[in-house]
K.L.:
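Before I ask anything, here is the structure I am working with.
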Amino acid sequence: MQESHDRSAYDPRAVEAAAQQFWSDTHAFEVKEDAARQKYYCLSMLPYPSGALHMGHVRNYTIGDVISRFQRMQGKNVLQPMGWDAFGLPAENAAIKRGIPPAKWTRQNIAHMREQLHAMGFAIDWSREFATCDPDYYVHEQRMFVRLFQKGLVYRKDSIVNWDPVDQTVLANEQVVDGRGWRSGALVEKREIPQWFLKITAYAQELLDGLDQLPGWPDAVKIMQRNWLGRSEGLQLRFDVEGGGAIEVFTTRPDTLMGVTYLAVAAEHPLALEAAKHNPALRQFIDDCRQGGVSEAELETREKRGVDTGLFALHPVTGERIPIWIANFVLMGYGTGALMAVPGHDQRDWEFATRYDLPIKMVIVSDPVRDAIRELGRDAADNTDAMSAALGQSQAIDVAEPRPVAEVLAEFENRIITEGPFTGHGTLVNSGRYDGMNYRRAFDALARRFEHENRGKRQVNWRLRDWGVSRQRYWGCPIPVIYCPKCGAVPVPEDQLPVKLPEDVAFSGVRSPLKSDPEWRKCSCPKCGGAAERETDTFDTFMESSWYYARYTSPGAATQLDARADYWLPVDQYIGGIEHAILHLLYFRFYHKLLRDAGLVHSDEPATNLLCQGMVIAETYFRMDASGNKTWINPADVDVQRDPKGRVVGATLKADGRPVSIGATEKMSKSKNNGVDPQLMIDRYGADTVRLFSMFAAPPDQSLEWNEAGVEGMARFLRRFWREVVNIAGSPPTVSLPPLAGEGARKADGGAGAGTLSAAQKAFRRQLHETIGKVTDDIGRRRNFNTAIAALMELLNVVSKFTDASAAGQALRREALEAMVLLLNPFTPHACHALWQALGHPEALLEDVPWPRVDAAALERASVTLAVQVNGKLRGTVEVAPDAPRERLEAAARALPGVINAIAGKAVRKVVIVPGKVVSIVAN
RNA sequence: GCCCGGGUGGCGAAACCGGUAGACGCAGGGGACUUAAAAUCCCCCGGCCUUGCGGCCAUGCGGGUUCGAUUCCCGCCCCGGGCACCA
């Protein structure tokens, strides 16, 4: 016994090395197109090669691998590729810090991380691997850009960036910390420079409509994208300016037009700049607006400020004089850079008007107020109650005495002025001939009027802006454009592509080597042959990550894609972090439509199913010094103390045994030093245990708290499972008990074979087949891997306790454990690979071995348990035949002592029976 | 600020379509085995009351709908993600 224990003990290191060697030697995961088989393209977002695998990668790629291996066991032709999102800012930072060229640093990181991915045992087709910094990859991106240029989907315009006046460089939002440059500490300024744009807005409507064709995407992502696209129907309208000129505004609420009390323009608006020429105070305000970063979060949380230009616009209906203000919350980039402010019916306009003491007018009343007014108009004497109730609902007005309509309106207006705007749709008042109209009618009437006067037009506006793809950085794909003094911006001819990024460069300071190298940019104009210069900006790295999924299907193709793309695309399952819900996933969808319109793919959307996994979080520990600075301590270096109930009462540093403070549980990060190194975990427990824990500890879309004791629990489970399987491995692979053979048995004798089992044997087998059903559904449909694993643990507990030594009992054990090896294979493929062999199977546990099937006959039950409630409280349960009639259920329920007590002295009013679930008795 | 998501025992979580709240695992307590440790196995484990049977309370907070709400609706509080150079 002792000897066999030693021989058969679970040794993850040896098991995993052998399985990985086998998969590698047999090219087990390299796939090719096969029209005869159903394809399944399972894709995880490609990693940025930051240096080492982190737990977020482990989680992401384990989810993808579980789905891939599961689908493969369903007989599908599964593609699971991997590559590297190799361009980006961190490589430049590393270059500055350590003096290593970004290309070298990046390729070193890739080599290391590739080894780590191998050690996780992912079923990846490595023959398709590429890095986005390979010229063979980005040449196609450059060619696509040139073609989009020719199609008119690319343009250049001035755009605002964060400018660091000390380092003389453009900063990413990430590099702006509290309005200052992260390296120089200088106050960041806004600066306008010319940049390249892709016309994603030309696809806005299609991107919106396409969301309805994606039932396999999470609602949260679709809602976020819908809001991001931000379709709004409104009116673009011209206000004449007193003394000449005009301002165009866009409004989604033309019905509030008569409530306009001021106009607000952006600081960069031409009218603002013109007015500032003769007004130092305006000049000063506009200059102040240039300070600070450009991110939306920063702008939106900034204090709303403005200044009066002293100019007036003329109201397009009344001719009234309307003051024009410059306001820091109006941005030049959205709509027309100017807006009509209606403080009575818009929150932000109201706050601004209140601050600067601008008039507030009521021109819309809520429906309850309108109804009350109508009642008053009919019978002014006696409708106090109705009016009071109506006003009470909307604005809480006390109406003690009947009053004329004008007084009610005045009260409502007073509420708006003092308490806040009424921003809902309602009925127009104080609007002359538009009085009494609702939103829709007023919108139409005003639109017709202004279209007729040639003063305005109906317009659909989008929140979505065109995609600015220029970055003033070195480590990116060069934008293939040449600037000629005579011919202007000329795309690089396709036969001169790629424009290669020089990789052997030295970073002297923060400036891009492309920009400081006078030679690289020199070239001749493709049109006139004269001396010209190259663009030194590179693409936004979202460009590379927008089409990599397609390139995996056509490795080595001379063109961007070839016919193989049609076999594999679209992606069947895409997996990545929720943080990419908007930007990446929108560009990804957009680029797919660009590929489609170039004839390279033949579908409308790139991925049919999307899974967004949550973050990996961990506890934080720190010590604070006298001046309040925190030193963060890694969880691996800490011991935790508990009270007898298991509650955490303190923590100490392993090194000195003295206490440390316990911080929040948050996302693993370098700054909080709470990252757990996956490599350490693999070395200590093996990849299968790490995979199993990362799938068990939380459902994939929630955050996952890393907890090493939990990992040990998984190791315990795997050891037990290993032992159970090895214990039966000596018995013959097929114990001769035909009635147990599921499918075959039912064909042979209609399932009657199971009838020869004892009640305990039947219960055992039912649990097995319920588990097969649950695990299949949890992985295949629900993507709840944690509950699939829990069900398998439960089953193992049952198997361990099932000591039936009869022939039938042994056969049942074998059936259960063979099925479990298959069911666990997606999670712990190395151990299952070894155990499948140990069970005497000659073939490798790959697609040749089909997923276990549920035997419907095994699921039959002799009885079901129903909950019995009295007045909503549980008073007992009854066990009855599944087809027991209603009367018998009620009688059985009423016979329960708990029920008799609960209904004593009461009359039963109602009995609700939900078959298979509950008997609910209402008594009083 | 805006958009999206989440809040259930000491902890991670489960309850899938409104039907027995806490499966599974961790931590903890008690025991077995062992010279000892590790490993393994068995029992207990939301709170309060009760010798026991059992009862009451409990899914962030306050309301509502329902025979019945962790689940649906309304209003709050707290935590997390995103915000594209540029409502």
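Since this is a predicted model, take the numbers as computed values, not measurements. A note on names: the letters A, B, ... follow the listed sequences, proteins ahead of strands, and every chain is numbered from 1.
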K.L.:
What's the gap between B:rG18 and B:rC24 when it is taken at their P atoms, as a whole Å value?
P.N.:
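That atom pair is separated by 25 Å.
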K.L.:
Over all heavy atoms of both residues, which pair between A:Trp467 and A:Ile200 is shortest? Give the atoms and the distance, please.
P.N.:
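Minimum heavy-atom separation between A:Trp467 and A:Ile200: N-CG2, 3.7 Å.
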K.L.:
Using the P atoms only, state how far B:rC79 lies from B:rU8, rounded to an integer number of Å.
P.N.:
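Those two atoms are separated by 14 Å.
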K.L.:
Which nucleotide, in any strand shown, forms a Watson-Crick or G-U wobble pair with B:rU34, with both distances under 3.5 Å?
P.N.:
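None - no nucleotide pairs with B:rU34, as no candidate has both distances under 3.5 Å.
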K.L.:
Taking the P atom of each, how far is B:rG55 from B:rU40, in whole Å?
P.N.:
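Pairwise P distance, B:rG55 against B:rU40, rounds to 39 Å.
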K.L.:
Report the C-alpha distance between A:Glu666 and A:Lys672 in whole Å, list the side-chain angles of each, state the deciding distance to 0.1 Å, and finish with yes or no for salt bridge (Lys or Arg N to Asp or Glu O under 4.0 Å).
P.N.:
CA-CA 9 Å; A:Glu666 51 190 303; A:Lys672 295 289 167 68; 3.2 Å; yes
K.L.:
With both distances under 3.5 angstrom, what nucleotide forms a Watson-Crick or G-U wobble pair with B:rU59?
P.N.:
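Base-paired to nothing in any strand shown.
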K.L.:
Within the structure shown, what part of the strands sits under 4.0 Å from A:Tyr587 by heavy-atom distance: base, sugar-phosphate, or nothing?
P.N.:
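Sugar-phosphate: the residue A:Tyr587, judged by heavy atoms under 4.0 Å, touches backbone atoms but no base.
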K.L.:
Begin with the C-alpha distance, continue with both residues' side-chain angles, and end with the deciding distance and a verdict on side chain to side chain donor-acceptor pair (under 3.5 Å) for A:Gln472 and A:Gln195.
P.N.:
CA-CA 9 Å; A:Gln472 298 70 39; A:Gln195 306 204 58; 3.2 Å; yes
K.L.:
Is there a side-chain contact (heavy atoms from CB on, under 4.5 Å) between A:Met820 and A:Leu795 once you walk through the steps?
P.N.:
CA-CA 9 Å; A:Met820 286 184 74; A:Leu795 185 60; 3.7 Å; yes
K.L.:
Suppose you measure atom P in B:rA27 against the same atom in B:rC17; what distance do you get, rounded to whole Å?
P.N.:
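Approximately 32 Å lies between the P atom of B:rA27 and that of B:rC17.
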K.L.:
Partner lookup for B:rC72, please. Criteria are Watson-Crick or G-U wobble with both distances under 3.5 angstrom; report none if nothing qualifies.
P.N.:
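Partner of B:rC72: B:rG64.
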K.L.:
Please report the shortest heavy-atom distance between A:Val58 and A:Ser694, naming the atom on each side.
P.N.:
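The answer is CG1-OG, 4.4 Å.
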K.L.:
For B:rG5, what is the paired nucleotide under Watson-Crick or G-U wobble rules, both distances under 3.5 Å?
P.N.:
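The base-pairing partner of B:rG5, which may sit in any strand shown, is B:rC79.
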K.L.:
Taking the P atom in each of B:rU65 and B:rG47, what is the distance between them to the nearest angstrom?
P.N.:
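After rounding to an integer number of Å, I get 33 Å for this pair.
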K.L.:
Rounded off to whole Å, could you give me the CD-to-P distance for the A:Gln472 and B:rC86 pair?
P.N.:
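It is 13 Å, rounded to the nearest whole Å.
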K.L.:
Quick one: classify the glycosidic conformation of B:rC79 as syn or anti, with syn meaning within 90° of 0.
P.N.:
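Classified anti.
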K.L.:
So which atom in A:Leu187 and which in A:Gln291 form the shortest heavy-atom distance, rounded to 0.1 Å?
P.N.:
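Result for this residue pair: CD1-OE1, 3.4 Å.
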K.L.:
Applying a 4.0 Å non-hydrogen cut-off, can you work out what A:Val922 is touching in the nucleic acid: base, sugar-phosphate, or nothing?
P.N.:
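Sugar-phosphate: the residue A:Val922, judged by heavy atoms under 4.0 Å, touches backbone atoms but no base.
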K.L.:
Base, sugar-phosphate or nothing for A:Arg471? Non-hydrogen atoms, less than 4.0 Å.
P.N.:
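Answer is sugar-phosphate: A:Arg471 comes under 4.0 Å of backbone atoms only.
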K.L.:
I'd like the C1' distance from B:rG46 over to B:rG10, given in whole Å.
P.N.:
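So the two C1' atoms sit 10 Å from each other.
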K.L.:
Which is true for A:Phe197 with a 4.0 Å heavy-atom rule: it touches a base, it touches only sugar-phosphate, or it touches nothing?
P.N.:
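Base contact.
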K.L.:
Does a side-chain heavy-atom distance below 4.5 Å link A:Met340 with A:Asp349?
P.N.:
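No. Closest side-chain heavy atoms not under 4.5 Å.
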K.L.:
Phosphate oxygens OP1/OP2 of B:rC3: is one of them under 4.0 Å from a side-chain N or O of A:Lys222?
P.N.:
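For A:Lys222, the contact criterion (side-chain N or O under 4.0 Å from OP1 or OP2 of B:rC3) is not met.
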K.L.:
Can you check the A:Ile223 CD1 to B:rC3 P distance for me, whole Å?
P.N.:
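To the nearest whole Å, that distance equals 12 Å.
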K.L.:
Looking for any heavy atom pair under 4.0 Å, which part of the strands does A:Arg875 touch: base, sugar-phosphate only, or nothing?
P.N.:
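Sugar-phosphate contact only.
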K.L.:
Looking only at atom C1', what distance separates B:rU66 and B:rA13, rounded to whole Å?
P.N.:
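My reading of the C1' atoms in B:rU66 and B:rA13 gives 29 Å.
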K.L.:
Base, sugar-phosphate, or nothing for A:Lys873, non-hydrogen atoms under 4.0 angstrom?
P.N.:
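A:Lys873: backbone/sugar contact only, no base atoms under 4.0 Å.
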K.L.:
Check the distance between B:rC83's P and A:Ile578's CD1 and give it to me in whole angstrom.
P.N.:
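After rounding, the reported distance stands at 12 Å.
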K.L.:
Expressed in angstrom and rounded to an integer, what is the separation of A:Trp228 atom CH2 from B:rG5 atom P?
P.N.:
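Rounding to the nearest Å, CH2 of A:Trp228 and P of B:rG5 are 17 Å apart.
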K.L.:
In whole Å, what is the span from the CZ atom of A:Arg886 to the P atom of B:rC67?
P.N.:
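My rounded result for the distance is 15 Å.
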K.L.:
Measure from CG on A:Asp701 to P on B:rG81 and round the result to the nearest Å.
P.N.:
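Distance, rounded to whole Å: 16 Å.
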K.L.:
Encode nucleotides 8-26 of chain B as B, S and - characters from 5' to 3', where the letter depends on protein heavy atoms closer than 4.0 Å: B to the base, S only to sugar-phosphate, - to neither.
P.N.:
--S-BSSSB--BB--BBSS
K.L.:
Syn or anti for B:rG12, please, going by whether the chi angle lies within 90° of 0.
P.N.:
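B:rG12: anti.
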K.L.:
Using the rule given for side-chain contact (heavy atoms from CB on, under 4.5 Å), can you reason through A:Val265 versus A:Trp325, listing the C-alpha separation, both sets of side-chain angles and the distance that settles it, and then say yes or no?
P.N.:
CA-CA 6 Å; A:Val265 301; A:Trp325 284 61; over 6 Å; no
K.L.:
Closest-nucleotide mapping onto RNA chain B: is A:Lys304 or A:Asp158 further toward the 5' terminus? I mean the 5' end.
P.N.:
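Nearer the 5' end of the strand: A:Lys304.
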K.L.:
Return the minimal non-hydrogen interatomic distance between A:Ala204 and A:Leu464, and the atom names on each side.
P.N.:
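Shortest heavy-atom contact: CB-CD2, 4.0 Å.
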K.L.:
Rounded to whole angstrom, note down the P distance from B:rC44 over to B:rA23.
P.N.:
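Pairwise P distance, B:rC44 against B:rA23, rounds to 12 Å.
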K.L.:
For A:Asn60 and B:rG81, what is the distance between atoms CG and C1' respectively, to the nearest whole Å?
P.N.:
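Result: 16 Å.
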K.L.:
I'd like to know whether the aromatic ring centres of A:Trp706 and A:Phe693 sit less than 6.0 Å apart in this structure.
P.N.:
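When the ring centroids of A:Trp706 and A:Phe693 are compared, they turn out to be within the sub-6.0 Å range.
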K.L.:
Would you indicate, yes or no, if B:rC83 has its OP1 or OP2 atom less than 4.0 angstrom from a side-chain nitrogen or oxygen of A:Arg465?
P.N.:
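So the side-chain polar atoms of A:Arg465 never come under 4.0 Å of the phosphate oxygens OP1 or OP2 of B:rC83.
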K.L.:
Starting at atom CZ of A:Phe693, determine the distance to atom P of B:rA27, rounded to an integer number of angstrom.
P.N.:
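About 11 Å, once rounded to whole Å.
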K.L.:
Can you find a side chain N or O atom of A:Arg719 that sits less than 4.0 Å from OP1 or OP2 on B:rC41?
P.N.:
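No, outside the criterion.
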K.L.:
Check every strand shown and say whether A:Leu339 touches a base, only sugar-phosphate, or nothing at a heavy-atom separation below 4.0 Å.
P.N.:
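Base: the residue A:Leu339, judged by heavy atoms under 4.0 Å, touches a nucleobase.
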